[in-house]
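First the structure, in the form of structure tokens, and then the observations on it.
Quantities reported herein were computed from a predicted structural model and do not represent experimental measurements. Every heavy atom of this structure was used, including side-chain atoms; hydrogens, water molecules and symmetry mates were not.
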Amino acid sequence: MPKRTDIEKILIIGAGPIIISQACEFDYSGTQACKALKEEGYSVVLINSNPATIMTDPEFADATYIEPVIPEAVEAVIEKERPDAILPTLGGQTGLNTAVAVAQRGVLEKYNVEMIGATLEAIQKAEDRDSFRKAMRNIGLRIPESGIARSMDDAFKIASKIKYPLIVRPSFTLGGTGGGVAKNEKDLQEMVEAGLDASIISQVMLEESVVGWKEYELELMRDRKDNAVIVCSIENMDPMGVHTGESITVAPIQTLSDKEYQTMRDASIAIMREIGVDTGGSNVQFAVNPENGDMVVVEMNPRVSRSSALASKATGFPIAKIAAKLAVGFTLDEIPNDITGETIAAFEPTLDYCVVKIPRWTFEKFPETKDELTTSMKSVGETMAIGRTFKEALQKGLRSLEIQRYGLGADGADRTEVSRQEIIDKLTIANSERIFYLRYALQKGFSIEEIYQYTGIDPWFLDQINKIIKVEETLTANRDNLTPELLLTAKREGFSDVQLAQITGTTEEAIRQKRYDLNMRPVYKLVDTCAAEFRAATPYYYSTYEQENEARVTDRKKIVILGGGPNRIGQGIEFDYCCVHASFALREEGVESIMVNSNPETVSTDYDTSDQLFFEPLTTEDVLHIIETQKCDGVIVQFGGQTPLNISDDLNRVGVNIIGTHPESIARTEDRKLFAAMLNKLGLIQPPNDTATDVDGALAIAERIGYPVIVRPSFVLGGRAMKIVYTKEELVNFARHAIKASPKYPILVDKFLEDAVELDVDAISDKTGETVIGGIMEHIEEAGIHSGDSACVLPPQSISPEILENIIDATKAMARELNVVGLMNVQYAVKDDTIYIIEVNPRASRTIPFVSKATGVPLAKAAAKVMLGRTLKELNISDTAKNTAHVSVKESVFPFNRFPDVDTLLGPEMKSTGEVMGIDDHFGAAFAKAQLGAGQKLPVEGTIFISVKDSDKQAAAAIGAKFVEMGFSIIATAGTARFFDEKNIANHPIHKVSEGHPHIVDAIINNQVGLVINTGTGMGSQVKRDGYMIRRAALKCGVPYATTIAGGMAMCKGIAELKKRNIAVKAIQAYHRQG
Amino acid sequence: MKALLALEDGRVFDCNSFTGPGETSGEIVFNTGMSGYQEVLTDPSYRGQIVTMTYPLIGNYGVNKADVESARIQVAGFIVREYQDFPSNFRSEGTLAKYLQENNVMGVTDIDTRALTRHIREAGAMRGVISSNQLDPKVLVEKANQIKSMKGQDLVKEVSTDRPYRWVNNQPVPLEKDITALDETTWIDNSRPYKVVVFDYGIKYNILRNLERAGFELVVVPAFTTANRVKQMKPHGIFLSNGPGDPEPVEYAIDTIRDLLGYRPIFGICLGNQLAGLALGGQTYKLKFGHRGINQPVRDIQTGKIEITSQNHGFAVDIESLKTEDVEVTHINLNDNTLEGFRHKGIPLFTVQYHPEASPGPHDANYLFNRFKQLIEET
Ligand SMILES: Nc1ncnc2c1ncn2[C@@H]1O[C@H](COP(=O)(O)OP(=O)(O)O)[C@@H](O)[C@H]1O
Ligand SMILES: Nc1ncnc2c1ncn2[C@@H]1O[C@H](COP(=O)(O)OP(=O)(O)O)[C@@H](O)[C@H]1O
Ligand SMILES: [Mg+2]
Ligand SMILES: [Mg+2]
């Protein structure tokens, strides 16, 4: 039966900002859904607050609402667009929960909108732990003993029935927020409290622990004729107790016989039927007792999930696209299998390779949090690798992580002298480094059995790792006569040239040369869903060392686009967005596009985004092989963030043609001396700065340029380990550590510009030297808050025309001086009408998608065309677009709730995982939308808490007055209260925590506070401690908070707007039309 | 240990034996299942064939006594990309290598199985020789060309049981009687109302397990058992099993089936389906490289539902040749629209080309064993 004709317009709910456990994969799924539904002639309406997504590009939907993904906004969109149906299963947990909320408000009946994909009943049956448990009983499946608690008392009652340890799981949350393993009453108390707030229906489940059992996942699809197929089976290397999102996982399942696998298959289909997910994809997780095969159901997600993205990339089966088609009535046998072209989607993909997914963590950014993996996610990204064997895939995966590792050790980054005890500790408690400790353990002579006892990792995996180490040992033993046979064995086991160089004491180049002399190069094999049973139409490749090469080389002009690799803080979806646009541009220009990336969550790794897809690590070795096999004409390194830039010198050195801005120009912006020289030449100013190699040197500089100074060790990029220091003591402290950490590297000391306004400028230049300003963003928070973390507004609100003119001139001057061809981003700080250059990046920046959404100018795409030789004139791109009539605000979203004990104060080191956009005709409304989109529930009445450092009191008074005028009541801590009294602003004083109960934290917990404005100072540990407790409490209780005075001011404006009217929604297509 | 695989068309692959020295020959085919290697090894339908697993890692979960489909390993040889010598599974009783050695079956590893698979896909299933003794490609290719080809060979007689046996509690139980003595009195289990004679053309145990689960009393008889002998037994139903190779030369079986048409309800699987097709006057032909795997989509035309099926066959019934007014096509393969099942409108007979007993593979088509029971109940 073909598609439904009784519906015409479909509303798709996006997943909102990138947060931990909800990353690019929902842009990938949403984009596929939009494409699939448009392809079928439906009119598609989309709501998603995340501007960095491809799906929110104007072409992908008929009406695109970049509005907060909250019930109010969705209702407004429904009211305006009157869709026939709403598709809630492609926007992650956020999309699903929002849809449920909308339905429960009766909005769907009111406008008679049908929920397609999954019904409300089905969603609730799967998501509500209690009804899920009943459902599983009905079909005779076992799930861990458990009980539902709605209060602390319930919790203890249940705990008395089931023995400790207990798993605490809130209902309706994702990535295990607020969950954990409670080993005793104390743990239970804490976790249940956390869980109850985390759950939107304040309900948690306490569950019998099956920690240590093997964890499996099946991805399946079902159509409305009840045909069901398993798309992919996944085995977690890390056993139960480590969240699937935190586990190294492998596809397909490795250690189950067909009998056991089929039992699991039957169970998963039975579950999908019982839950009643009639069409689309679901994800079912199982735990299996390694001793006797007992199987329990862990959970089912009645929607496209993180694992579905992985499954799609691992198999070539486009789950999201097909889910969308099934939702509108197609059946699996009516949908073609694009990969083979000749077969249909009603089959089960079969692999003839092994896939390994490894999470990417950034614990280094949250030093207060222990590096321990639990049932709640902390990883910010993941990488996937494909090989013909597990060993090859694992080693490729490890070098794809971009953590300066080039395989399973032996890459120069190993720890020497690790004590047995330390190894045991690292094995026993899962952590981001455990994979390397498995190696240390085996090298130290731990038996596989022992390691299994400590880790619960299946011996099969441990043996695989042991085999890698055995090869390494052979290599070491023969380091002086590395025979061709041995070299080939090593390559087949996934060893990188870097590892081989390290082992044999030569250079990567030497090893490469040796291989090339032997003509030892990898071959490329296809991901074809069918293990070669049918011819594959789509060129989706991975490399391996085998006999036959399947790479198809055309004689067209070809350009390679290097992607961004795994998401991490500071480098995320924004860069994938740019790479995808580069690919679109190449297609439009008739050039063959070749995408290289290792991040399975992305749109760039969709098989139909580029002409050819290589799912490979982004290292010099792997990239060179592709360039050579494909005989490429050029490479784009500007769009993948820091990743491609890190290898651009190597590529350049061996004569690869890097198109666009020349690598030397990049060097001129990264090398401090060259950079300073350039600014001098152009008569531009940067904050006074210098570099020191020892403590005294640093102190001398600080004395000269004056405190406060901003310091950082020169070896880290991306604002890592940056610190603002106000005093001699702090500086000495920092300098000591920095120098101890890396004696070779100097410390960079800059004058810290206090209370300066920061601006971001994105520009694009062509080969004729013409430069167009894409957009100018004024940061809400002052300089000192990382550009990636502070909110910003386009166009600027408080900057004088003269300053803006000067900024534009400066930007163009630098673009010309650097011969930029493509994109350039500059960060400025303006203080007392002086313009300081903070940094220049001659490449795509994090703000490109935001600017493009705000102005309607596809900058990344244009940049790619310019790099191919087009001129801005030809593309008719001009300066005018940047002055939009509407106001666009970008707000950042932070993962603090995942990192206990971390202060939420912002600083020069980036901490945010994602961003949202708010657009409206006025700043206030736009800002309010951005806040709502970011999950801050701005109050329209009630009490505001204000407590600020002295230098902020003047400004705080203004804010206070405004709030009072709006009818809010104000509570403030002593100092602030006194100041307000003088300015006779009505307020009630309240105790700091250190002053004893009842204090501000009590007030927050008893939700007597609607908004917290609290600016912390670096000094006085007690002050800091107080501020810290206030901010953590606000975070925990979901009370919106501002940690800068500027942020507070903006919130005040936003709230003023919200009081006037409730949010009005408008499609970006409409904004762009009006220009 | 170094070994070579040589194909009749001259293509040669390097590999290593993981079962020690040896030489073996047969038709090279590939199976795309990612699990179930032990079931594959012991499936009599693979007689005379060297099986390549397209999934590269094989041996991971070891072998055990329970997962066998016949009394011994049936394949002529086994080809994998990376043999796994360290099995891990709570049911594992030993390594794959040891298992193959005990059965004197050669296994080779470290070979580009994907290249081999693509070659077979393009050039068709073909004869080949694996050897660790003879490493001269020319000689081996020569040998490969000496092998009898599948077409025209009766492999059934090699795998069919020579004595009848009962199937009780999931095991074969030898019959005291010999064939000539088979009659009504052969049936002894009153708790099982329906008696079914099972023709063994190379039957998989899991078919018998399923028939027993469906409630039948079973007597398995050799392929050459005559129609008269069966009639002496007065069964309620007759089952035609799967089996290896080309159906055409198995004339004795075809004749027997022809004589039994209409006598009692008949259910056939795989080779049984092909023999029944021939008995009904249809034709069979050799597929280019066959269907071997556990992900083949089949549509049940009556219900419209799709089953993901387990398959293993190199020959098929020509769907056109059966388009007579009294035969109805009931199942077709959605990948290549080949015939997957038919029924006779006039007499109680239905057969499927694929393997509803799975093992390895999905259980989607399991309902067919009950359908057989219903058919018997109705007639
Ligand atoms: N009963 C249990 N015993 C031990 N570990 C568990 C149990 N239930 C869940 N887990 C672990 O917690 C992780 C998250 O649980 P899950 O139900 O999948 O929540 P989420 O919705 O966050 O995926 C699982 O991947 C598993 O590793
Ligand atoms: N001299 C300075 N005065 C004030 N703030 C600064 C200064 N230098 C850097 N910052 C702040 O630190 C942030 C990060 O510094 P930046 O050089 O941009 O590092 P990154 O490479 O991480 O972007 C900037 O966004 C800015 O807010
Ligand atoms: Mg889960
Ligand atoms: Mg910066």
Is the number of heavy atoms from other residues, nucleotides or ligands under 6.0 Å of Lys288(B) NZ greater than 12?
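Buried by this count: over 12 neighbours within 6.0 Å.
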So does Arg209(B) have more than 12 non-hydrogen atoms from other groups sitting under 6.0 Å from CZ?
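More than 12 heavy atoms, drawn from other residues, nucleotides or ligands, come within 6.0 Å of this atom.
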Taking [Y]'s backbone N and O only, do any of them form a donor-acceptor pair with [X]'s side chain (distance below 3.5 Å, no angle check)?
| X | Y | answer |
| --- | --- | --- |
| Arg118(B) | Ala532(A) | no |
| Thr54(B) | Ala531(A) | no |
| Asp258(A) | Gly361(B) | yes |

Find the distance between [atom1] ([X]) and [atom2] ([Y]) and round it off to the nearest 0.5 Å.
| X | Y | atom1 | atom2 | result |
| --- | --- | --- | --- | --- |
| Asn60(B) | Asp463(A) | CG | CG | 10.5 Å |
| Thr32(B) | Phe534(A) | OG1 | CZ | 8.5 Å |
| Lys305(B) | Asp226(A) | NZ | CG | 4.5 Å |
| Thr113(B) | Glu548(A) | OG1 | CD | 11.0 Å |
| Met34(B) | Cys354(A) | CE | SG | 11.0 Å |
| Gln464(A) | Phe86(B) | CD | CZ | 10.0 Å |

Heavy-atom cut-off 4.5 Å, strictly under: side chain, backbone, both or neither for [X] against chain A?
| X | value |
| --- | --- |
| Ile111(B) | backbone |
| Ser92(B) | neither |
| Ser359(B) | both |
| Arg299(B) | side chain |

Determine the minimum heavy-atom distance between [X] and [Y], stating which atoms define it.
| X | Y | answer |
| --- | --- | --- |
| Ala228(A) | Ile308(B) | O-CG1, 4.3 Å |
| Tyr61(B) | Leu256(A) | CD2-O, 3.2 Å |
| Tyr353(A) | Tyr55(B) | O-CE1, 3.4 Å |
| Glu533(A) | Phe289(B) | O-CZ, 3.5 Å |
| Leu57(B) | Thr389(A) | CD2-CA, 3.9 Å |

Of Lys467(A), Lys391(A), Arg388(A), which is the lone residue that meets salt bridge (charged side-chain N to carboxylate O under 4.0 Å, His left out) with Glu82(B)?
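With Glu82(B) as partner, Lys467(A), Lys391(A), Arg388(A) yield a single salt bridge (charged side-chain N to carboxylate O under 4.0 Å, His left out), made by Lys391(A).
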Tell me, side chain or backbone of Asn549(A) under 4.5 Å from chain B's heavy atoms, or both, or neither?
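Contact with chain B involves no heavy atom of Asn549(A) at all.
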Select one option (side chain, backbone, both, neither) describing which atoms of Pro290(A) are under 4.5 Å from chain B's heavy atoms.
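The answer is the backbone of Pro290(A).
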Using side-chain heavy atoms (C-beta onward) and a distance below 4.5 Å, is [X] in contact with [Y]?
| X | Y | answer |
| --- | --- | --- |
| Pro297(B) | Asp333(A) | no |
| Glu260(A) | Phe90(B) | yes |
| Arg91(B) | Lys259(A) | yes |

Best-contacting candidate, [options], against chain B by heavy atom pairs under 4.5 angstrom:
| options | result |
| --- | --- |
| Val288(A), Asn292(A), Ile344(A), Ile230(A) | Asn292(A) |
| Trp460(A), Tyr261(A), Phe461(A) | Trp460(A) |
| Asp223(A), Thr343(A), Asn227(A), Leu526(A) | Asn227(A) |
| Ile269(A), Asp266(A), Leu332(A) | Asp266(A) |

Ile253(A) and Ser35(B): CA distance, side-chain angles, deciding distance, side chain to side chain contact (heavy atoms under 4.5 Å, CB included) verdict
CA-CA 9 Å; Ile253(A) 286 175; Ser35(B) 56; over 6 Å; no
Report the option among [options] that has the most heavy-atom pairs separated by less than 4.5 Å from atoms of chain A.
| options | answer |
| --- | --- |
| Asn64(B), Ile294(B), Asp112(B) | Asp112(B) |
| Arg121(B), Arg292(B), His291(B) | Arg121(B) |
| Gln84(B), Arg81(B), His363(B), Glu122(B) | Arg81(B) |
| Asp336(B), Asp85(B), Asp14(B) | Asp85(B) |

Side chains of Thr350(A) and Asn295(B): do they bring a donor and an acceptor to under 3.5 Å?
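Asn295(B) and Thr350(A) do not have a side-chain donor-acceptor pair below 3.5 Å.
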Got a salt bridge between Arg114(B) and Glu546(A), using NZ or NE/NH1/NH2 to carboxylate O under 4.0 Å?
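No, this pair does not count.
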